[in-house]
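In what follows, chains carry the letters A, B, and so on, assigned in the order in which the sequence lines appear, proteins first and then strands, with residues in each chain numbered from 1. Predicted model only: the values in this text are computed from it and were never measured.
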There are 2 protein chains.
Amino acid sequence: MVKRTSFENDDCPIARSLDAIGDWWSLLIIREALFGSRRFGEFQKSLGLAKNILTVRLRALVDQGILKMAPASDGSAYQEYLLTPKGRGVFPILVALRQWSEEFDDHPDEIATILVDKEKGRPVRKLELYSQDGRLLTAADTALKPRPGAKSSRKLRSISA
Amino acid sequence: MVKRTSFENDDCPIARSLDAIGDWWSLLIIREALFGSRRFGEFQKSLGLAKNILTVRLRALVDQGILKMAPASDGSAYQEYLLTPKGRGVFPILVALRQWSEEFDDHPDEIATILVDKEKGRPVRKLELYSQDGRLLTAADTALKPRPGAKSSRKLRSISA
DNA sequence: CCATCTGGTTTTATAATGCAACTACACAAG
DNA sequence: CTTGTGTAGTTGCATTATAAAACCAGATGG
């Protein structure tokens, strides 16, 4: 039984996020949704992915509470896919991915877009991580601590259910 | 030919990042590396993944300049895997994934660790995105603009080479 | 009422993932 | 020098995911 090693029972929050949105298409679907796409056909055309896969991905995102389905909006008797707050919460992840690419990609000249603030139209700053007392932190300034009331799910990896 | 749709020629920086580190294990390997792992066996034991897969992942990360191999360090005639600056640059992505999980996961009580600042030992703040003139931005305050000198690689998706 | 659009499902293929077993090498003990 | 132990892989299947393309049913539209 191989079952694509699920991380949903792992105690690492990064692994848990990856289990939810760490596949090839989910983040791009959420990107499109944040950018305004709502309809099956919109996602399919803008991403260029096969419809069967889009079907599966959309359903999974809805199941996880990242998207929700709404009955219509433009009159047509169809439905559309809208982001939930959980879905909109993915935004910083997308920004982090974008900025990593902008900073380290070998061919930054092929990047077609820049993220700007709507009001001034100027590029945004890099994401910043602060301590509670307002110091700017790098990776080296941080550490991991066990969470006080951790339920210790004892590394249940690869549980496949 | 199905070929797992490569995004490396896409003009979206998010897609490009995903192409590099968007698989299930790469980010976790980088997490372990940031946390101090250096040796093949360390990665293998802490992540619990099959050795053949670790082999492939490590090689890919080295090829992409995210890890580099160094000859030794503890005398033993083996080698170790160290993060490059590009690899350390992944840190904000991991923080964003962690914080998304902390905020939206259905079972936050199963999360075992918290990220703290080393100096005070207190949890870090949420990642923050600022405009150049210092305003705190949300997704709704941002927009995408075409990059001035964009080389327009015309949506070359699924190129498989 | 025939054509077309939307939002899928089905079929069939290829590719990725995973476990387990095996190899190769270094070094140390006996 | 032979056995043992740990490291760092490779090889061989089995299972699963992903993809393209064909198909299909219910609106919409002329």
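Distances shorter than 4.0 Å separate some side-chain N or O of Trp25(B) from OP1 or OP2 on dG18(C). Dashed line: the shortest gap from a side-chain N or O of Tyr81(B) to OP1 or OP2 of dG9(D) is under 4.0 Å.
Asp117(B) and Arg135(A) are joined by a salt bridge, as a carboxylate oxygen and a charged side-chain nitrogen come within less than 4.0 angstrom of each other. The residues Lys120(A) and Asp133(B) are annotated as salt-bridged, a charged nitrogen and a carboxylate oxygen being separated by less than 4.0 angstrom. With respect to the salt-bridge test (charged N to carboxylate O, under 4.0 angstrom), the residues Asp105(B) and Arg16(A) qualify.
Between the CG atom of Asp23(A) and the C1' atom of dT17(C) there is a distance of 15 Å, given to the nearest Å. One interatomic measurement links the two molecules: CZ of Phe43(A) to P of dT6(C), which rounds to 15 Å at whole-angstrom precision. One atom, CZ of Arg38(B), and another, P of dT7(D), lie 16 Å apart when rounded to the nearest Å. If you take CD of Gln79(B) and P of dC25(C), they are 14 Å apart, rounded to a whole angstrom. Rounding to whole angstrom units, CZ of residue Arg39(B) and P of dG9(D) are separated by 10 Å. At whole-Å resolution of the value, CG in Leu54(A) and C1' in dA20(D) are 14 Å apart. Atom CD in Glu80(B) sits about 14 Å away from atom P in dT7(D), given to the nearest Å.
Between dT6(C), dG9(D), dG18(C), one nucleotide has an atom nearer to the side chain of Lys45(A) than all others, and that is dT6(C). Set against dG9(D), dA19(D), dG7(C), the side chain of Ile53(A) has dA19(D) as its closest nucleotide.
No side-chain donor-acceptor contact under 3.5 Å links Glu102(A) to the backbone of Pro108(A). Arg88(A) contributes a side-chain N or O that, together with a main-chain N or O of Leu83(A), makes up a donor-acceptor pair within less than 3.5 Å. A donor-acceptor contact shorter than 3.5 Å links the side chain of Lys118(B) to the backbone of Ala140(A). The backbone N or O of Gln64(B) lies less than 3.5 Å from a partner atom in the side chain of Lys86(B), making a donor-acceptor pair.
Under the 4.5 Å side-chain criterion, counting only non-hydrogen atoms from C-beta, Phe40(B) is not in contact with Glu80(B).
Glu42(B) is linked by a side-chain contact (heavy atoms from CB on, under 4.5 Å) to Ser37(B), Arg38(B), Arg39(B), counting only residues two or more places apart in sequence or in another chain.
Contacts between residues 55-66 of chain A and DNA chain C, counted as heavy-atom distances below 4.0 Å, involve Thr55(A), Arg59(A).
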Can you name the atoms? Protein N/O to nucleotides 25-27 of chain D N/O, anything below 3.5 Å, with the distance.
from, atom 1, to, atom 2, distance (Å)
dG26(D), N2, Tyr78(A), OH, 3.4

Find every protein N or O atom lying less than 3.5 Å from an N or O atom of nucleotides 20-22 of chain C, and list the pairs.
none

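Through chains of ILVMFWY side-chain contacts below 4.5 Å, Val116(A) is grouped with Ile114(A). Leu136(A) forms part of a hydrophobic cluster together with Tyr130(A), Tyr130(B), Leu136(B), judged by ILVMFWY side-chain heavy-atom separations under 4.5 Å.
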